[in-house]
Undergrad: 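After the structure tokens below, expect a handful of questions from me.
Below, read A as the first sequence line, B as the second, and so on, with proteins coming before strands; counting in each chain starts at 1.
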Amino acid sequence: MTDTSETKADATGSETPHRYTAELANQIEDAWQERWEREGTFHSANPAGPWAEPDDPRLARGHMMVMDMFPYPSGAGLHVGHPLGFIATDVFSRYQRTTGRNVLHTMGFDAFGLPAEQYAVQTGQHPRTTTEANMVTYRRQLRALGMGHERRRSIETIDPDYYRWTQWIFLQIYNSWYDEHAVRADGQLGAARPISELVEQYAAGDRATPSGQPWAQLTPAEREGVLAEHRLAYVSSAPVNWCPGLGTVLSNEEVTNEGKSERGDFPVFKRNLSQWKMRITAYADRLIDDLDRLDWPEKIKIQQRNWIGRSQGANVSFPVVGHDEQIMVFTTRPDTIFGATFMVLAPEHPLLERIVPESHHADVAAYQRSASTKSDLERQADTKAKTGVFTGAHAINPATGEAIQVWVADYVLMGYGTGAIMAVPGQDERDWAFATAYDLPIIRTVQPSEGHPEDEAFTGEGPAINSANEEISLDGLPVAEAKAAIIDWLADRGLGEGTITYRLRDWLFSRQRYWGEPFPIVWDEQGVAHALPDDQLPLTLPDVPDYSPRTFDPEDAESMPEAPLARATEWVEVELDLGDGPKRYRRDTNTMPNWAGSCWYHLRYMDPENKEAPVDPAVEAYWIGPREETVAGAPEGSRDPGGVDLYIGGAEHAVLHLLYARFWHKALHDLGYVSSEEPFRRLINQGMIEAYVYRDHRGQPVPAEEVEETIGETGDPTYSWQGQPVTKEHGKMGKSLKNVVTPDEMRAQYGSDTFRVYEMSMGPLEQYRPWETRAVVGSQRFLQRLWRNVVDEETGEVTVSEDPLDEATARFLARTADGVRTDFEALRVNTAVAKMIEFNNHLTKLDRVPRAAIEPLVQMVAPVAPHIGEELWSRLGHPESLAYEPFPEADPALLVEETVTCVVQVKGKVRDRLEVSPDIGEDELRELALGSERIRELIGDAELRTVIVRAPKLVNIVPA
RNA sequence: GCCCCCGUAGCCCAACCGGCAGAGGCAGCCCACUUAAAAUGGGCCCAGUGCGGGUUCGAAUCCCGUCGGGGGCACCA
């Protein structure tokens with residue numbers, strides 16, 4: 001019982017000092033938040049590790065790990081849109097606790113990264129200062145919302161105790177390679193293995209070095225060069241996304257279709273730079289295939305599949321006429337090879353140097369030059385108009401034996417496939433466009449379907465035509481069979497082979513920014529990288545006077561990245577003993593992208609104090625190890641991959657965080673650090689809360705809360721601000737749109753419980769919906785009625801009766817308990833709230849509210865409105881928190897209705913209703929319906945065509 | 001251009017496997033309480049499911065087309 005609630009309300013002098021007002025709600029909320037924290041109410045139990053509590057009874061009753069995508073703590077604090085998912089996971093977690101399960105639900109902060117740094121630069125403070133201040137605000141706001149987070153498990157990615165392990169995982173990945181032949185636990189091939197195993201293979205001569213020289217004869221630098229080709233984290237010099245406006249390079253995932261940076265919308269240029277990459281491509285197949293075993297929104301799965309972009313096809317070699325060279329092409333349509341009438345190379349293709357005859361040098365060089373100055377944006381701007389030039393070279397189509405022209409054109413991209421194509425205008429729209437533009441021959445090799453236009457490529461299904469030589473004929477074969485046949489033929493002659501390519505590229509992992517995890521890598525004087533030994537972790541970020549990045553004119557493609565850490569000379573230049581005596585080294589001055597910290601935080605939540613490992617293996621296996629049952633829709637006979645039970649967050653991370661985290665998790669799995677194959681077993685994307693935006697005649701947003709609504713004579717509302725008319729539209733919630741509403745305001749105006757109930761009853765979790773402050777009062781009224789059903793508003797007395805429930809109330813309660821439980825399980829909190837309101841309204845109409853009815857209702861409400869739930873529970877005489885009180889069970893006997901209303905239809909229209917027993921037989925019901933007076937009047941003597949009986953709810957009579 | 005999701009009352013949303021279109025909330029109107037207003041409580045009003053076809057005894061639900069909104073992919077061979 002909270003004493004505070006008694007006293008202060010009196011001060012208002014009102015006649016209802018014990019009414020559930022915002023003030024009273026706030027007092028109750030403060031008191032319970034305080035008590036939950038003091039008592040560690042939400043602490044969960046670990047089976048092993050530093051927090052081992054093997055005797056906790058919950059360990060035997062099932063486990064449940066629930067997570068939110070943790071926030072980046074921005075300077076603006078939370079607005080009402082942010083907590084939607086957080087409240088949903090809190091409701092779910094609180095419900096799960098009442099079922100006896102051991103529930104892990106906590107919250108951390110994704111506090112490294114560009115936005116934090118930009119905010120710090122803007123405000124002239126150190127990023128750590130601003131970030132920490134922001135986290136204080138977030139923590140206060142989350143606490144005020146009544147989140148049942150386990151505070152002691154909270155992590156911050158910027159905490160050296162945390163990023164020590166981020167660096168450690170980086171080193172595990174760095175010190176690994178992908179062994180295509182390694183056998184995984186499920187019998188499949190391919191797994192990350194320690195790089196030492198590869199070194200052994202080279203040293204023993206089981207694997208040839210690229211140069212053919214024995215391993216022992218290679219210099220350390222040469223060896224390192226060989227290993228870099230295999231390491232899962234490696235440095236390579238290659239074209240990367242350079243963003244002068246941000247002063248850093250970016251991963252492909254961080255660049256938009258338009259060739260701009262995802263953050264800031266600055267132009268991005270391709271520059272050849274030496275950068276860290278992660279070999280995520282080694283996992284391309286598993287990242288695609290394992291999606292089938294996850295309970296994720298189909299939308300996200302599709303995005304990941306598209307992004308990885310696996311396509312099956314063949315590599316085919318075309319000999320160059322007059323040269324001892326082959327042009328290797330990748331095609332998904334080897335069946336159309338008889339229609340390959342010319343070839344196209346990307347402007348950057350290395351073979352051009354060697355095969356272009358003197359006569360065409362100038363043309364080709366000029367074309368290459370013009371292509372190189374085009375940005376990606378320009379290259380994509382007009383995809384219809386194809387440009388290109390003839391190289392003067394010819395190649396032999398291996399199927400037809402004919403010499404065909406080799407062209408260079410920028411519609412072929414160096415970065416995909418082999419950078420060269422066989423052009424098949426008859427079956428490819430792009431090739432058709434090019435062939436018509438430059439008057440190149442077209443041969444159809446698939447019979448177009450009836451009515452297909454004469455002047456277009458045919459990309460559909462059909463029998464092969466014009467596809468035969470002396471050895472093989474594809475004619476008449478459907479596409480799939482023709483593919484298989486031609487691949488066999490090509491393979492037999494060593495001309496080609498079936499293959500798979502991917503759109504996914506390796507993950508560019510270094511950034512030239514200050515506010516991130518430093519790489520635990522030093523470089524020696526020969527330019528060889530060395531991993532820092534474990535005992536030198538964490539490598540902390542040095543304090544530098546100038547942490548701001550060197551940024552450039554966003555359009556300055558020629559600029560070069562400069563890492564801020566390079567300026568910290570004393571930090572960079574070090575003398576270390578890495579086993580062969582003290583030597584001088586230079587530290588790597590890059591920092592990791594902000595995605596690094598979020599790749600593994602789910603693991604740290606489980607075991608945040610562990611000093612020996614990122615997570616104790618027994619703890620990981622307990623919380624997220626593979627389950628007995630696979631998720632719904634998983635392929636027959638597949639193994640469960642394990643992972644967090646429920647993960648809720650926005651859909652915008654589909655190919656960023658969610659892809660990266662899966663990759664790291666799989667690497668850690670291969671290396672034996674985790675038993676689960678996937679980090680997040682079930683994922684839900686919460687919708688966004690939008691807000692109305694009001695604009696004046698100039699289109700400028702005006703403060704939404706000052707807008708007045710008037711209902712006009714037509715009944716349509718009109719809006720005005722300071723007397724002038726404004727327009728209303730849907731939009732995001734944001735400062736610049738002047739429509740931000742914060743949870744702090746809602747708490748002051750209504751209380752946090754009301755706010756939580758409102759957010760949850762706005763609609764399904766996944767849905768986008770507009771915020772409407774004036775509707776919040778409905779949720780407050782519900783809680784007020786609930787309160788009044790227990791507490792007298794004038795005296796503060798508890799008014800419940802000890803009488804048994806009447807029949808109707810007992811049935812209503814059973815129905816409600818059953819429905820609310822089902823809704824909570826399925827995360828349909830909106831309909832659960834509706835059911836509770838209904839039942840509460842029923843109780844309101846009774847003379848006195850029976851304890852046996854209100855107590856279960858209080859328990860049901862508590863996951864959504866936990867403070868009022870606890871408070872009423874306590875006032876009803878229970879000294880213990882209700883957090884672990886078993887959820888009300890519905891008596892099955894009461895769920896069976898005594899009578900049900902049976903609808904009698906004639907030709908599908910409802911004509912009569914009958915009250916019948918729920919277990920009435922079909923025949924009996926048919927007779928009853930046909931005997932009904934109203935029905936007899938309607939159908940008279942007409943013959944009956946059929947009578948459909950769906951006992952006990954429906955009879956449909958169809959006269960002839 | 002291709003693919004996916006969503007259109008139910010003035011508004012936010014329910015309706016499980018095709019079976020009475022309405023659970024809940026907001027707004028509006030009426031009533032009670034009040035000197036009055038607010039707050040509170042009680043009651044009432046409100047759509048035939050974007051549109052056009054089809055399947056079915058029966059369609060918000062399934063199918064086809066179309067319009068509107070949102071999202072994804074897009075010179076990826």
Undergrad: Ignoring the backbone of A:K845, work out which of B:G24, B:G43, B:G19 is nearest its side chain.
TA: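 Looking only at side-chain atoms, A:K845 lies closest to B:G43.
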
Undergrad: Side chains of A:V408 and A:L352: closer than 4.5 Å at any heavy-atom pair?
TA: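 They are in side-chain contact.
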
Undergrad: Quick one: do A:E298 and A:R305 make a salt bridge, cutoff under 4.0 Å?
TA: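 Salt bridge flag = yes for A:R305 with A:E298.
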
Undergrad: Assign B:G54 to syn or anti; the rule is syn for a glycosidic angle within 90° of 0 and anti otherwise.
TA: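 Anti.
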
Undergrad: Might you list the N or O atoms of the protein lying below 3.5 Å from N or O atoms in nucleotides 68-70 of chain B, with each pair's distance?
TA:
none

Undergrad: On RNA chain B, does the nearest nucleotide to A:K953 precede the nearest nucleotide to A:G763 from the 5' side, or the other way round? Give the residue.
TA: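 So the residue in question is A:G763.
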
Undergrad: Evaluate the side-chain contact (heavy atoms from CB on, under 4.5 Å) criterion for residues A:R503 and A:I308: first the C-alpha distance (whole Å), next the side-chain angles of each, then the deciding distance (0.1 Å), finally the verdict.
TA: CA-CA 5 Å; A:R503 205 180 81 115; A:I308 296 166; over 6 Å; no

Undergrad: Just call it for A:T901: base, sugar-phosphate, or nothing, with non-hydrogen atoms closer than 4.0 Å on any strand.
TA: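 The residue A:T901 makes base contact.
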
Undergrad: Under 4.0 Å between a side-chain nitrogen and a carboxylate oxygen: does that hold for A:E690 and A:K732?
TA: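 Result for this pair is no, no salt bridge flagged.
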
Undergrad: If you count every heavy atom of other residues, nucleotides or ligands that lies below 6.0 Å from A:D455 atom CG, does the total exceed 12?
TA: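 It does: A:D455 CG has more than 12 such atoms within range.
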
Undergrad: Given B:C20, B:G24, B:G42, which nucleotide is nearest the side-chain atoms of A:T844?
TA: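 Between B:C20, B:G24, B:G42, the one nearest the side chain of A:T844 would be B:G42.
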
Undergrad: Side-chain N or O of A:S311 less than 4.0 angstrom from OP1 or OP2 on B:A77?
TA: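 A:S311 to B:A77 OP1/OP2: side-chain N or O found under 4.0 Å.
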
Undergrad: Base, sugar-phosphate alone, or nothing: which one does A:N841 contact when heavy atoms must sit under 4.0 Å apart?
TA: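 It contacts sugar-phosphate atoms only.
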
Undergrad: The side chain of A:R788 is closest to which nucleotide in this list: B:U40, B:G19, B:G24?
TA: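 Among the listed nucleotides, the one closest to the side chain of A:R788 is B:U40.
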
Undergrad: Taking the nucleotide of RNA chain B with the nearest heavy atom to each, does A:N306 or A:T331 sit closer to the 5' end?
TA: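 So the residue in question is A:N306.
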
Undergrad: Run the side-chain contact (heavy atoms from CB on, under 4.5 Å) test on A:N739 and A:Y694 for me, step by step, so that the C-alpha distance in whole Å, both residues' side-chain angles and the decisive distance to 0.1 Å come before the verdict.
TA: CA-CA 8 Å; A:N739 58 0; A:Y694 299 92; over 6 Å; no

Undergrad: From the options B:G19, B:C75, B:A77, select the nucleotide whose nearest atom is closest to the side chain of A:Y411.
TA: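 Shortest atom-to-atom distance from the side chain points to B:C75.
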
Undergrad: If you measure from the P atom in B:G25 to the same atom in B:G42, how many Å do you get, rounded?
TA: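 Looking at atom P only, B:G25 and B:G42 are 9 Å apart.
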
Undergrad: Using both distances under 3.5 Å as the test, list the Watson-Crick or G-U wobble partner of B:U35, or none.
TA: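 Pairing partner: none.
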
Undergrad: When you measure only distances, ignoring hydrogens and angles, does the side chain of A:Q303 come within 3.5 Å of the base of B:G71 through a donor and an acceptor?
TA: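 Counting by modelled atom types and ignoring angles, no donor-acceptor contact under 3.5 Å is found here.
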
Undergrad: With side chains defined as the heavy atoms from C-beta onward, is the minimum distance between A:M328 and A:V316 less than 4.5 Å?
TA: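 The answer is no; the side chains never approach within 4.5 Å.
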
Undergrad: Just N and O in the side chain of A:Q767: are any of them under 4.0 Å from OP1 or OP2 of B:C13?
TA: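 Answer is yes, contact under 4.0 Å.
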
Undergrad: Measure from the side chain of A:R785, starting at C-beta and using heavy atoms only, and say which of B:C73, B:G25, B:C13 lies closest.
TA: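 Minimum distance to the A:R785 side chain belongs to B:G25.
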
Undergrad: Between B:C73, B:A77, B:C20, spot the one nearest the side chain of A:Q905, thanks.
TA: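 Out of B:C73, B:A77, B:C20, the nucleotide with an atom closest to A:Q905's side chain is B:C20.
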
Undergrad: Pick one for B:C46: is it syn, with its angle within 90° of 0, or anti?
TA: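 Anti, angle beyond 90° from zero.
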
Undergrad: Does the salt bridge (Lys or Arg N to Asp or Glu O under 4.0 Å) test come out yes or no for A:D823 and A:K835, once each step is laid out?
TA: CA-CA 10 Å; A:D823 285 345; A:K835 290 180 175 86; 2.7 Å; yes

Undergrad: Give the C-alpha distance, both sets of side-chain angles, the deciding distance and a yes or no for side-chain contact (heavy atoms from CB on, under 4.5 Å) between A:W307 and A:L656.
TA: CA-CA 10 Å; A:W307 186 258; A:L656 292 159; over 6 Å; no

Undergrad: What do the steps show when you test A:W407 against A:F434 for ring-ring contact (aromatic ring centres under 6.0 Å, His included), and what is the final call?
TA: CA-CA 10 Å; A:W407 285 63; A:F434 196 79; 5.5 Å; yes

Undergrad: Just the table, please: protein N/O against nucleotides 36-39 of chain B N/O, every pair under 3.5 Å.
TA:
none

Undergrad: Using the C1' atom as the reference point in each nucleotide, state the distance between B:C64 and B:A59 in Å, no decimals.
TA: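 Here B:C64 and B:A59 have their C1' atoms 15 Å from each other.
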
Undergrad: Could you check A:Y411 against A:I421 for side-chain contact (heavy atoms from CB on, under 4.5 Å), going step by step and ending with a plain yes or no?
TA: CA-CA 10 Å; A:Y411 82 92; A:I421 62 158; 3.7 Å; yes

Undergrad: Considering only side-chain heavy atoms of A:T831, which listed nucleotide, B:A14, B:C26, B:G41, is closest?
TA: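 Among B:A14, B:C26, B:G41, the one nearest the side chain of A:T831 is B:A14.
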
Undergrad: Under 4.0 Å from OP1 or OP2 of B:A14: is there any side-chain N or O of A:N830 that close?
TA: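 For B:A14, OP1/OP2 do have a side-chain N/O of A:N830 under 4.0 Å.
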
Undergrad: Report the nucleotide, chosen from B:C20, B:C75, B:A77, that has the shortest atom-to-atom distance to any side-chain atom of A:R913.
TA: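 Between B:C20, B:C75, B:A77, the one nearest the side chain of A:R913 would be B:C20.
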
Undergrad: Check whether any side-chain nitrogen or oxygen of A:R769 sits under 4.0 Å from OP1 or OP2 of B:G25, and answer yes or no.
TA: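 Negative; the distance criterion is not met.
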
Undergrad: In whole angstrom, give me the gap between the P atoms of B:A39 and B:G28.
TA: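 Nearest-Å result for B:A39 against B:G28 at atom P: 10 Å.
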
Undergrad: Under the 3.5 Å rule, do the base of B:C75 and the side chain of A:K386 count as making a donor-acceptor pair?
TA: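 Such a pair exists between side chain and base.
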
